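As the structure lists them, so they are numbered: ligands from 1, and atoms in each ligand from 1. Keep in mind the model is a prediction, meaning the values are calculated, not measured.
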Amino acid sequence: MDAPTIQPKFLPTQNELGVIAVGFSGGQCKAGVDAAPMALIQAGLINQLKDELEYNIHYDGEVHSYSELMPKEDPDYRNMKNPLAVSAVTQTLSKQVYEHAKEGRFVLTLGGDHSIAIGTVSGTAKAIRERLGREMAVIWVDAHADINTPESSESGNIHGMPVAFLTGLAAEKREDIFGWLKDDQKISVKKLVYIGLRDIDRGEKKILRDNGIKAFSMHDIDRHGIGKVMDMALGWIGSDTPIHLSFDVDALDPMWAPSTGTPVRGGLTLREGDFIAECVHETGSLVALDLVEVNPSLESEGASETIRAGCSIIRCALGDTLL
Ligand SMILES: NC(=[NH2+])NCCC[C@H](N)C(=O)O
Ligand SMILES: [Mn+2]
Ligand SMILES: [Mn+2]
């Protein structure tokens, strides 16, 4: 296989890749999502990226569980569950991502539940601002919008809230509960695009509408086809903007990715998921990728399929091609 042929627009080199494995599940209530990074790595992911896609990998060889950061007690706060733990983990992760991104590396983060995006997106956003003086865009591929505020959330699970904190729609003064998130780590609602939505809470619908947030639901994909939807999504972002892709595996239909905490029927096919990743790669604007919410302990028969689907999406986003 040849090395990737797309020239990255916003990275100084073509193939330097920082990898961070985040074994964290505190943004939701089901155990097991913390085992995903190891499962993805054991499926051969890192070797594929190194040998087949010829990336120069910067990986500390660890699955971070951040046990040293876990508070003794972590009572609910403003309806959020595990607020201190999620805040501390994402603050540390934000620095880890920033350290890679400021060197001009592409950053791949293996989750973990989707609350970790508070760390990944904030880390890239800050590094891109400093390095390029630009605001970056986020493409959020998910069955869910994850844009609840603590008050609008019905579950209190922070994995349903990361986008609200990252855009400043939710904020908290307490430094130990996301108060550490500063403006240079946030993104604009104008630079956010969703793909694959199909299970949005009532409060979230209002937030999306009131803020004019660009979203392509499964309905839009049915109507226009995934090709046209990708043209529209990337057209909205424009060709001169660095992109962070945050991919929740539950965007895929449970037929392809059953082992996830909040599966929703009527989702993307495996090929549609890969196609999204391929199209984002082709822009040359991708600077970071998260792959989250694989939970190998749910649906034991479906675990290996879900892991394979996750690996496939990552390879496609990093330049694997069919021919
Ligand atoms: N990252 C996810 N899988 N999020 C699911 C969120 C579900 C629901 N909207 C909530 O707020 O709890
Ligand atoms: Mn989801
Ligand atoms: Mn999500």
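Atom CE of M255 has 12 or fewer neighbouring heavy atoms from other residues, nucleotides or ligands inside a 6.0 Å radius. In this structure, R223 places its CZ atom where only 12 or fewer heavy-atom neighbours from other residues, nucleotides or ligands lie under 6.0 Å away. Within a 6.0 Å radius of CZ in R131, more than 12 heavy atoms belonging to other residues, nucleotides or ligands are found.
Around the Mn ion (ligand 3), the angle linking D146 (OD2) with D248 (OD2) is 170°, rounded to 10 degrees.
Checked by distance only, ligand 1 and N157 stay at 3.5 Å or farther apart across all their nitrogen or oxygen atoms. Residue D248 has at least one N or O atom closer than 3.5 Å to an N or O atom of ligand 1. Ligand 1 has a nitrogen or oxygen under 3.5 angstrom from a nitrogen or oxygen of D201. Checking only distances, D199 never comes within under 3.5 Å of ligand 1, N or O to N or O.
Using a 3.5 Å distance cut-off with no hydrogens or angles, the side chains of Y98 and Q185 do not pair a donor with an acceptor.
Contact annotation: D250 places no N, O or S atom under 2.8 Å from the Mn ion (ligand 3). The Mn ion (ligand 2) has no N, O or S atom of H114 under 2.8 Å away, backbone or side chain.
Of all N/O/S atoms in D142, OD2 sits nearest the Mn ion (ligand 3). With respect to the Mn ion (ligand 2), H144 has ND1 as its nearest N, O or S atom.
In this structure, atom 4 (N) of ligand 1 lies nearest to the protein heavy atom D146 OD1, 2.9 Å.
With a 4.0 Å heavy-atom cut-off, ligand 1 is reached by the side chain of H144 but not by its N, CA, C or O.
With respect to E99 and K126, no salt bridge is recorded, no charged nitrogen being found less than 4.0 Å from a carboxylate O. Electrostatic pairing of E278 and R271 counts as a salt bridge here, judged by a charged N lying under 4.0 Å from a carboxylate O.
For the side chain to side chain contact (heavy atoms under 4.5 Å, CB included) test with I128, the passing option among E135, H244, M136, K102 is M136; the others fail.
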